Asker: 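Before I ask anything, let me first share the structure, which is written out below as structure tokens.
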Amino acid sequence: MAPETSSPAAAARWLARNAVDSLPAGGLQRKLEEAARERRPLRAKLGIDPTAPDIHLGFTVVLGKLREFQDLGHTVVLIIGDYTARVGDPSGRSSTRPILSGEQIDANARTFQQQAMKVLDPDRLEVRRNGEWLEMPTEDLFRLVRSTTVARIMERDDFVKRTAARAPISLLELLYPLLQGYDSVAVDADVELGGTDQKFNLLLGRDIQSAYGKPEQVILTMPILPGIDGERKMSKSFGNYIGVTEPAEEIYGKTLRLPDEAMGSWYDLLLGEPLPPDANPRDAKRALARRLVARFHDERAAEAAEQAFDRIHREHRPPEEMPDARLEANGDGAVHLPALLASTFGVSSSEARRLLKQGGVKLDGTPLAAEPLDRPASELDGRVLQLGKRRFARLRGD
RNA sequence: GGGCGGAUGUCCGAGUGGUUAAAGGAGACGGGCUGUAAACCCGUUGGCUAUGCCUACGCAGGUUCGAAUCCUGCUCCGCCCA
């Protein structure tokens, strides 16, 4: 696509086209005009807490928008929340979220940065860590905290709901938006991006900047990408995500599991184009899956992933490549099936027995009878063990 | 500081002395159908060296033939008053 972005007004329209909110009204255009007048790039900020090691597709929606800013010549400031991660955000119901170690955070920060490069242009990127400025004397923290009120913080939708539901809210959580807002002060953000769930925090950032005598940022919020269940937002904790570093076959297979209803959102948010109205849903989904694999791997991998998928699920043949599983026979040369399944596929032996009873275990494509549980190793050697539809291993003697 | 209420399996949520490994729902998993979509149907859903054994209802003790259920202490959480 070749957007028309020659004037600030046109550029603002282009950037905001698939955003949910662009606030304040006209603010983005004014920022762009200002940048053009002063012949400087805008500083577009995004903060992330490296609490989990991988970036998933939901996150790339916002990254993709940042990339558009870069393509227009602006600078992206990626803030790695190393300090905030260390403090441990007790968001949501799980107040038990473990506080990560320094090494863990550093490792996550590195992979995050690396993965973000799959979308961002490294030449127009500035990466900062908020430990640089958040490690501040209490006196300074108090100054920051004075910049807003409890009532203002409690406006946030999430807090209102949790108060109503009598769910706990830690004081630290109340402080979180302030820390995030201070990041904007520290990096002189012109624009801050986030998902719609970030709207409150992004807006509060404006207040904080203003309290520090800085120009207020404008904000752009992007729709939340539904996860592969098509229901809830894509999130690690729901297990409905696709990580950008996942193997090609995984990205492909998970994409095909997406409910049809969610395909439109994925097209809009991930491909940046609408779902063709008269497309056959199956073909559209396969095309989507191929393009996502191609983006995070390459064309060849996309092709191979599709072939592997068809082989397993359409032709019901085992994949060409699969891990080996070592057969461990006892003294009588027999192999205990539950133990074999447990060690090969990481299920418990109780679960393995249940799956056997349910006909979920196959040997060379034929369901394995639940009895007997001990089989001669010679009967298994060299054959393909299958659990459910998609877990395979080739059995090997010694 | 005072008063009241609460803590149950992956999650939500029943259960107030006896087939309770713990109703129901969600999720997940297996099978069927299919486009590994959805919908729908059937089944499973603590662990193990497995016709038995072990562990489980916030933690630690106690009462009892027997406790998630009763008692004591503790921890954590919510609400109200101050």
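The model shown is predicted, which means the values in this text are computed figures rather than measured ones. These values consider heavy atoms only, across backbone and side chains, with no hydrogens, waters or symmetry-generated copies. In what follows, chains are A, B, ... by sequence order, proteins preceding strands, each numbered from 1.
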Asker: Think A:Ser349 has a side-chain N or O under 4.0 angstrom from the OP1 or OP2 of B:rA50?
Answerer: no
Asker: Does atom CD (A:Glu320) have a neighbourhood of more than 12 heavy atoms from anything else shown, all under 6.0 Å?
Answerer: no
Asker: What's the CG-C1' distance between A:Leu373 and B:rC48, to the nearest Å?
Answerer: 13 Å
Asker: In whole Å, measure the gap between the C1' atoms of B:rG17 and B:rA68 for me.
Answerer: 10 Å
Asker: Find the distance A:Leu258:CG to B:rA39:C1' and express it as a whole number of Å.
Answerer: 16 Å
Asker: Side-chain heavy atoms under 4.5 angstrom apart, residues restricted to Ile, Leu, Val, Met, Phe, Trp, Tyr: same cluster for A:Val384 and A:Val361?
Answerer: no
Asker: Starting at NE2 of A:His313 and ending at P of B:rC33, how long is that distance when rounded to a whole Å?
Answerer: 16 Å
Asker: Report the distance from atom CD of A:Glu351 to atom C1' of B:rG46, rounded to the nearest whole Å.
Answerer: 11 Å
Asker: Using 30° and 60° as the class limits, which term best fits the ring planes of A:Tyr212 and A:Tyr182: parallel, tilted or perpendicular?
Answerer: perpendicular
Asker: Atom CE of A:Met263 to atom C1' of B:rG35: distance rounded to whole Å?
Answerer: 10 Å
Asker: Does B:rA28 have a Watson-Crick or wobble partner in any strand here, with both distances under 3.5 angstrom, and which is it?
Answerer: B:rU44
Asker: Between B:rA28 and B:rC12, how far apart are the C1' atoms? Round to whole Å, please.
Answerer: 15 Å
Asker: Regarding A:Arg391, tell me which of base, sugar-phosphate or nothing describes its non-hydrogen contacts under 4.0 Å with the strands shown.
Answerer: sugar-phosphate
Asker: Within the 4.0 Å heavy-atom criterion, would you say A:Pro281 contacts the bases, only the backbone, or no part of the nucleic acid?
Answerer: base
Asker: Between B:rG31, B:rA50, B:rG35, which nucleotide has the shortest distance from any of its atoms to the side chain of A:Ser350?
Answerer: B:rA50
Asker: Is any side-chain nitrogen or oxygen of A:Arg354 closer than 4.0 Å to OP1 or OP2 of B:rA28?
Answerer: no
Asker: Could you walk me through whether A:Arg390 and A:Glu249 pass the salt bridge (Lys or Arg N to Asp or Glu O under 4.0 Å) test, one step at a time?
Answerer: CA-CA 11 Å; A:Arg390 46 194 295 270; A:Glu249 298 77 44; over 6 Å; no
Asker: If we count only N and O atoms by modelled type, under 3.5 Å, do the side chains of A:Tyr252 and A:Glu306 hold a donor and an acceptor together?
Answerer: yes
Asker: Taking a pair as Watson-Crick or G-U wobble with both distances under 3.5 Å, which nucleotide is matched to B:rA60?
Answerer: B:rU72
Asker: What do you reckon, is CD of A:Glu299 surrounded by more than 12 foreign heavy atoms closer than 6.0 Å?
Answerer: no
Asker: Given the C1' atoms of B:rC70 and B:rC65, what is the spacing between them in whole Å?
Answerer: 16 Å
Asker: I'd like the C1' distance from B:rG18 over to B:rG66, given in whole Å.
Answerer: 7 Å
Asker: Across all strands shown, which nucleotide pairs with B:rA38 by Watson-Crick or G-U wobble geometry, both distances under 3.5 Å?
Answerer: none
Asker: With rounding to the closest Å, how many angstrom separate the P atoms on B:rU19 and B:rA67?
Answerer: 11 Å
Asker: Nearest to the side chain of A:Ser348, which nucleotide is it out of B:rG47, B:rG31, B:rG30?
Answerer: B:rG47
Asker: Toward the 5' end of RNA chain B, which comes first, A:Pro259 or A:Gly359, by nearest nucleotide?
Answerer: A:Gly359
Asker: Can you tell me how far C1' of B:rA26 sits from CG of A:Asn240, to the nearest Å?
Answerer: 15 Å
Asker: Watson-Crick or G-U wobble partner for B:rG78, using a 3.5 Å limit on both distances?
Answerer: B:rC4
Asker: Taking the C1' atom in each of B:rC33 and B:rG43, what is the distance between them to the nearest angstrom?
Answerer: 15 Å
Asker: Quick one: label A:Lys357 by what it contacts on the DNA or RNA (base, sugar-phosphate, nothing), any heavy atom closer than 4.0 Å.
Answerer: nothing
Asker: Could you work out the separation of B:rG32 and B:rA37 based on their P atoms and round it to a whole Å?
Answerer: 12 Å
Asker: Under 4.0 Å between any heavy atoms, over every strand shown, what does A:Arg353 touch: base, sugar-phosphate, or nothing? Just pick one.
Answerer: base
Asker: I want to confirm an ordering. Mapping A:Gln358 and A:Asp229 to their closest nucleotides on RNA chain B, which one lands closer to the 5' end?
Answerer: A:Asp229
Asker: Grab the CZ-C1' distance between A:Phe345 and B:rC29 for me, whole Å please.
Answerer: 14 Å
Asker: Counting heavy atoms from C-beta on, name the nucleotide in B:rA50, B:rG35, B:rC29 closest to the side chain of A:Arg257.
Answerer: B:rC29
Asker: Counting any heavy atom closer than 4.0 Å, what does A:Gly230 reach on the DNA or RNA strands: base, sugar-phosphate only, or nothing?
Answerer: nothing
Asker: Take atom CG of A:Leu275 and atom P of B:rA37, then tell me their distance rounded to the nearest Å.
Answerer: 18 Å
Asker: Provide the distance between the two P atoms, one in B:rG73 and one in B:rC54, to the nearest whole Å.
Answerer: 32 Å
Asker: Could you walk me through whether A:Lys254 and A:Glu246 pass salt bridge (Lys or Arg N to Asp or Glu O under 4.0 Å), step by step?
Answerer: CA-CA 10 Å; A:Lys254 283 183 175 181; A:Glu246 289 193 47; 3.0 Å; yes
